[in-house]
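Let me begin by presenting the structure, written as structure tokens, before commenting on it.
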Amino acid sequence: MQVHESVGGIDRLDAFAGTILIAERDRNVRELEQHFLESAGFLVEFADDGPAALIQARRGFPRLIITEILIPKLDGLQLCRELKLDATTRDIPVIVFSVLAAETRAKEAGANAFLRKPLVPSVLLGTIRRLAMLEAHSFTEPQ
Amino acid sequence: MITIAAPDRRKISRSADYMADRMTSGNTEADYILGGGFPLNSINIIMGHPGSGKTIFAEQLMFHNAADDRPVLYLTTLSEPLAKVVRYLQGFSFYDENKFGSQVIYEDVGEQLATDGPTALVPLLREAIRSRSPKIIVIDSFKAVHDLESDGGNRRRMVYELTSLLTAYGTTAFLLGEYTEDDILRYPEFAVADGIVEMSRRRLGNRDERYFRVYKLRGSRYLEGAHAFRITSSGLDIYPRLVSPALPEGYEPATERVSIGVPDLDKMLDGGLWKGTTTLLAGPSGAGKTTIGLQFALDGARKGVPSLYMNFQENPSQLTRTIRNLGVDLDDEAKARLDLVYASPVELQIDSIIVDMFRRIEENGVRRLVIDALGDLASAATDPQRLHDYLYALVQHFAARGITSILNVETTGNTIAGETMQNAMSYLSDNVLLLTVDGEQRTRRAVRVLKTRGSAHDLRVREVEIRPTGLVVLE
């Protein structure tokens, strides 16, 4: 992975460029995620609920998925389980990014990492970086 | 050695685990009151009248937490021009020019708010978050933003937008404002705030008293009540309110006697004072209270017991003369164990004296203590209930720590009846001794033991004399 430049204090991660699918309802969180991830060189796509995220994941094969647990119709943990059960999506790293303290449940659901809200850009990007470098399926502790 | 009392910071131990999800205020005493600091990523209101110290408190916090990771952002709105804020900031010792402008960023958004209205605040903040990623955001004054909007519905919408943004993004926010207590029910930000701290000021004669109070702090075991503070060149010097020890009944009643320093008085007390008890020594001026208090402290020092004499009446030279007149010659070791402290009653603030006293008790392992006299402490406490709470807590702390104490109190006559504070202290104290002065030339002095808890005592009124070597009980 190469860091090409820094924009507004955010390192661009062009070598890891690709689409990140985000299942999130909170307008402010979406807006901030979009800003900081795009500043780092990612394309960002949003899903309003769990079933929509599942469809978009199967159709577009994003590089990484970030999901809140509290999303309509299919919660983020169940979404994670379904993604990990599907052979076509199981290798997509999933970050559960939630207001709930649910690290253990996220791990049990197969998430590759868990982050507790609120959004701290360096923590979110650092986690994405580690997942990109590891390209592993094991659970990653946030730092 | 005689020292002049000066307020000093109390050392407070803190659990590293407990502090992990906390942001220090940059002030040890404030952190102690807050239960370890402010919760990380919380929204807090710092309220108080103009000049109460809000901005200084916030700036101390900002500069203490400033580092290379993410900057601290201070937005001034419509209360004070930025140039004025920065000019006064530079006078404080916590100001660091190397941090200013890089780690601590000051921005004036007053003009834009005046032009575009209060709804401009949230977009301004959103842009600041995008471009600077601040870990702390201070808005000074937030209440002033409200003054631009008369419609209550619009105010509420703006606060909702603001708190939604500040909740989504990882930052600890401080909204400063000249709010009053009535405003807590009036302004919507109080309903969503995680923490509310009030800083108040009230005039007392020729000086001001300032108080720091936590109204609310979610998820925190904060110390309730009003805590006195002063503004100094290093920021805020806060004196946490003295409260009773957590389990005062947990200590073992002492079985050891402590000499009062006057052998004849020890006999009247059936062998001396019980260790860890508090004795009220009451009497009119000139009755011998200071003499007995000094004899008690000097006796302790001679026997290797660290002793503290808190004195508000005799200045250092007067006290030295009094000790010399007693004919006491302490060796260097004994002198080191005797801490004679003078605090001016004119500048006395009860909270600062209490903090200073406990610092000395902890540092020196004090086991004998004299306060000469309680009336000076009383005059420093404007609120009788506050004084009573303080004295009650003092006695409990002394007992829990095994400190044997004498509290001198001056009466207007030869009785303690009818004197409010003395009566209250009589109830709180384990022992009460009354000294009297009679005769045409006021030359006949006497002592009577009014009360001893858990001990027999001499019920008679005994005549006493103050001789060059100290007080003597006559046959």
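Each chain gets a letter, A, B and so on, in the order its sequence line appears, and its residues count up from 1. Just so you know, these numbers use all the heavy atoms, side chains as well, and skip hydrogens, waters and symmetry mates.
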Residue B/Leu166 versus chain A: region with a heavy atom under 4.5 Å: neither
Inter-residue atom distance A/Glu31.CD - B/Arg130.CZ, 0.5 Å rounding: 4.0 Å
Rounded distance (nearest 0.5 Å) linking atom NZ of A/Lys117 with atom OH of B/Tyr169: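 So the gap between those two atoms works out to 15.5 Å.
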Validation row: A/Val29, B/Thr167 side chains within 4.5 angstrom (heavy atoms):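 No, side chains not in contact.
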Where B/Ala168 and A/Pro118 come nearest, the two heavy atoms and their spacing: O-CB, 3.4 Å
Considering all heavy atoms, the nearest A/Leu32-B/Ile129 contact: CD2-CG2, 3.7 Å
Stepwise side chain to side chain contact (heavy atoms under 4.5 Å, CB included) check, A/Val120 with B/Lys135: CA-CA 9 Å; A/Val120 177; B/Lys135 65 179 173 187; over 6 Å; no
If you draw a 6.0 Å radius around [atom1] in [X], do more than 12 non-hydrogen atoms from other residues or ligands fall strictly inside?
X	atom1	result
B/Glu97	CD	no
B/Arg218	CZ	yes
B/Glu224	CD	no
B/Tyr160	OH	no

Stepwise side chain to side chain contact (heavy atoms under 4.5 Å, CB included) check, B/Glu161 with A/Arg27: CA-CA 10 Å; B/Glu161 287 289 321; A/Arg27 182 172 52 84; 3.0 Å; yes
